[in-house]
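A short write-up of the structure that comes next.
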Amino acid sequence: MLHIKKPCFAHSFSTIRAKFLFICIMICSLSFFTFLFFHLYSSKTLKEQALSNANDTLDVYQQWMDYELEHVSSYLLTSISDHASSRSVFSQDSIAGYNAQLSLMREMENFLTTSKNIGGLFFYVPETDTLVMKSQKTESYQHRLALTEYIEQYQGDNLSDYSRPQITYWYPVSIDGKVFLIEILYYNQTYMGAWITDSQLLNPLKQLKVFENSTFLLYPLDSEEYFLLNNGTLSDSNYIYSHSDSSCGNFNLTVCIPENDFLQKTMPLRHIFYWLCVISFFLLFVTMLLLSHQIFPSLQRMLLGILAVKQGDFSTQIPLPATHDEFAQVTTAFNEMIQEIQDLKMKVYEEKLEKTNTQIQYLTMQIKPHFFLNSLNLICSLVKTKHYDLITELATGLIHYFRYAIKSADELAPIKDELEHTKNFLHIQELRLAASFHFSYHISGDLDHVQIPILTIQTFVENTIKHGFNRKKELSIQIDLTCSEKEVQIVIKDNGPGFSEELLEKLNADSELSELSPLISPVSGECHIGIENVKRRLYHIYDGKARLTFSNDSKTGGAVVLICLPYGPQRRNSFESFTG
């Protein structure tokens, strides 16, 4: 029986009150400084979010626009190659010259019909001053005349002879106050090009709320000047800037978003948040005072009883309080529970042992069925095609495979047996995929007496084939085994595409193996069920002392798996492993 001395009420109350008043003062002080800096922090966060959204949206638009520009460039290159050799026909004042110009205009019109985002096309022969132009009429007639003058002036400054078409990649210019994006090709004393107006560039972006009230700029990459699009203006307000470089042009697109636009929209919500925080902290202060006055004396008695049980005194009994509230019920239930703990203790330990063994068996059985079904399907296919030699060879390999795989889930096998099993598995996969794999292994140290859990190496090799096999390239798998006084290291490498950055982060986040709930499917999904199962089995067999590390090879880019196992397994199958 645990006897608790009843403390002096006045002294106990004063001590608890002093502690909780101090906590309340600290919380209120921290809250004051938190609210003081909250405005700056929230502004910074909103700015980063707005910039991130703008960057993502602008990158998507730039990729789409680059695709359109590349399409137009391909058309211009093909068309100038076809028409430059017959440039003299276009300048003839005859039916042939008229028909040639008319045919080219129809060709341009057909192209513009399918490319609505292009302002227009032109074909110009400087020798005879012959200009064939087709426009979507997104610019005014005055701007079209100014554009014609620019084209004629451009050829006068850049006329040269080349053996193949020369491309001036898309670049921005301002003509008579209007911004154009132009590309010009020169070949065989002939010019051909296309233009896009600023309104065509901005129409898709202006429909997005993320760019509402924003100013758009075009920056030539070889100049410090910039072009304001759609008659935009830059005020003295603070802006956040998002830009994206074109992959097929000499420019980048920049968006200037006023900071006040997205900050002012959140002010009502921020005011509501301020008031909620003030009310919450006031209620917290009142609640803490109530706790110190009514609840904590009873909690202190219960805590002393729990600490006694923690130290192994299962004869502890907590005195019942004088009140008849919930604490009295909890105290009674606690005393009754302690009476039953001794009888339940042995039973709980036995159930844990049984669940652990069941989980290990379950994890291993998860690995086997899918391979068994795939093998049966392959045999059925070979029977239909009457490849009896391959059926015999495959059946022999499967006999050896399942003879090894149906061993107990926690059974250890010599490393040489695991390697032979892996080689047999690879041979079966070569028959199934009609492919050839390059498999090699290197052993450093004395591993003759070292044993590892079955299917450890084979599971990662199977994962390599599943995600790294490519018929265009021979798959190479290399295994390095090293034995020291403390641990056995197994390195599995391949020359496949390797792990993605997201998957590497996910796999290595749990590199230190930890205990998982029994009989629950792996959380990472079906595609990596084998890896999750190996993690769980190694944890149970080596008592959490095994390690798994995933990376990509710096030279080949292939996947690298490092398995570190203690020298001599630390099995979690004894009663002591649960009593500690």
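The main-chain N or O of Leu548 is never found under 3.5 Å from a side-chain atom of Lys535 such that the two would form a donor-acceptor pair. The closest donor-acceptor contact from the side chain of Ser115 to the backbone of Ile118 lies at 3.5 Å or more, if one exists at all.
Residue pairs that meet the side-chain hydrogen bond (donor to acceptor under 3.5 Å, both in side chains) test with at least one member in residues 167-180, sequence neighbours left out, are Ser73-Trp170, Gln142-Asp176, Tyr150-Tyr171, Trp170-Glu183, Lys178-Asp198. Counting only residues at least two apart or in different chains, salt bridge (charged side-chain N to carboxylate O under 4.0 Å, His left out) contacts with residues 53-81 are absent.
Side-chain contact between Ile477 and Lys493 is absent, with no heavy atoms from C-beta onward closer than 4.5 Å. Within the 4.5 Å cutoff, side-chain heavy atoms of Arg537 are placed close to those of Leu455. In this structure the side chain of Leu253 reaches within 4.5 angstrom of the side chain of Tyr61, judged on heavy atoms. Counting heavy atoms from C-beta outward, Val561 and Thr549 have side chains that stay 4.5 Å or more apart. Annotation: side chain of Leu562 is in contact with side chain of Cys564 (closest heavy-atom distance under 4.5 Å). Looking at heavy atoms from C-beta onward, Phe251 lies out of side-chain contact with Tyr219 at the 4.5 angstrom threshold.
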With side-chain hydrogen bond (donor to acceptor under 3.5 Å, both in side chains) as the criterion, how do Ser135 and Glu139 come out once you've worked through the C-alpha distance, each side chain's angles and the decisive distance to 0.1 Å? CA-CA 9 Å; Ser135 173; Glu139 67 284 328; 2.4 Å; yes

Which is it for Tyr75 and Glu107 under the side-chain hydrogen bond (donor to acceptor under 3.5 Å, both in side chains) test, yes or no, and what are the steps along the way? CA-CA 11 Å; Tyr75 167 76; Glu107 179 185 328; 3.2 Å; yes

What's the verdict on side-chain hydrogen bond (donor to acceptor under 3.5 Å, both in side chains) for Gln153 and Glu149, showing C-alpha distance, side-chain angles and the deciding distance? CA-CA 6 Å; Gln153 180 65 31; Glu149 182 178 351; over 6 Å; no

side-chain hydrogen bond (donor to acceptor under 3.5 Å, both in side chains) between Thr254 and Asn252, intermediate numbers included: CA-CA 6 Å; Thr254 301; Asn252 72 34; 3.3 Å; yes

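Note: Asn117 CG to Met65 CE = 10.0 Å, rounded to the nearest 0.5 Å. In this structure, CG on Asn110 lies 6.0 Å from OG1 on Thr113, to the nearest 0.5 angstrom. Taken to the nearest 0.5 Å, the CG atom of Leu475 stands 6.5 Å off from the CD1 atom of Ile465. To the nearest 0.5 Å, atom CD1 of residue Ile257 and atom OG of residue Ser242 are 6.5 Å apart. A distance of 11.0 Å separates CG in Leu426 from CG in Leu431, rounded to the nearest 0.5 Å. To the nearest 0.5 Å, atoms CD (Glu109) and OG1 (Thr114) are separated by 11.0 Å.
With Trp195 as the partner, the side chain to side chain contact (heavy atoms under 4.5 Å, CB included) test is satisfied by one option alone out of Gln200, Gln136, Met133: Met133. When each of Val173, Leu218, Ile196 is checked for a side chain to side chain contact (heavy atoms under 4.5 Å, CB included) with Phe180, only Val173 meets the rule. Of the residues Tyr186, Phe122, Phe123, the one that meets the ring pair (Phe, Tyr, Trp, His ring centres under 6.0 Å) test with Tyr191 is Tyr186.
Between Phe111 and His71, the distance separating the two ring centers is shorter than 6.0 angstrom. In summary, the aromatic rings of Phe437 and Phe469 are positioned with their centroids under 6.0 Å apart. Trp64 has its ring centre no less than 6.0 Å from the ring centre of Tyr67.
The heavy-atom pair separating Met105 from Val132 by the smallest distance is CG-CG1, 3.4 Å. Listed here is the closest heavy atom pair of Ser79 and Leu104: OG-CD1, 4.3 Å. For the pair Asn508 and Phe550, the tightest heavy-atom approach, listed with the atom from each and the gap, is ND2-O, 2.7 Å. Summarising the geometry of Ile531 relative to Thr459, their closest heavy-atom pair is N-CG2, 4.3 Å, with the distance given to 0.1 Å.
Residue-environment remark: CG (Asp389) stays at or below the threshold of 12 foreign heavy atoms within 6.0 Å. His143 NE2: more than 12 foreign heavy atoms inside a 6.0 Å radius.
Counted by atom type alone, Thr57 and Asn55 present zero donor-acceptor pairs between their side chains at under 3.5 Å. The closest side-chain donor-acceptor pair between Gln478 and His442, if any, does not fall under 3.5 angstrom.
Scored by the side-chain hydrogen bond (donor to acceptor under 3.5 Å, both in side chains) test, Thr130 finds Thr128 as partners (sequence neighbours excluded).
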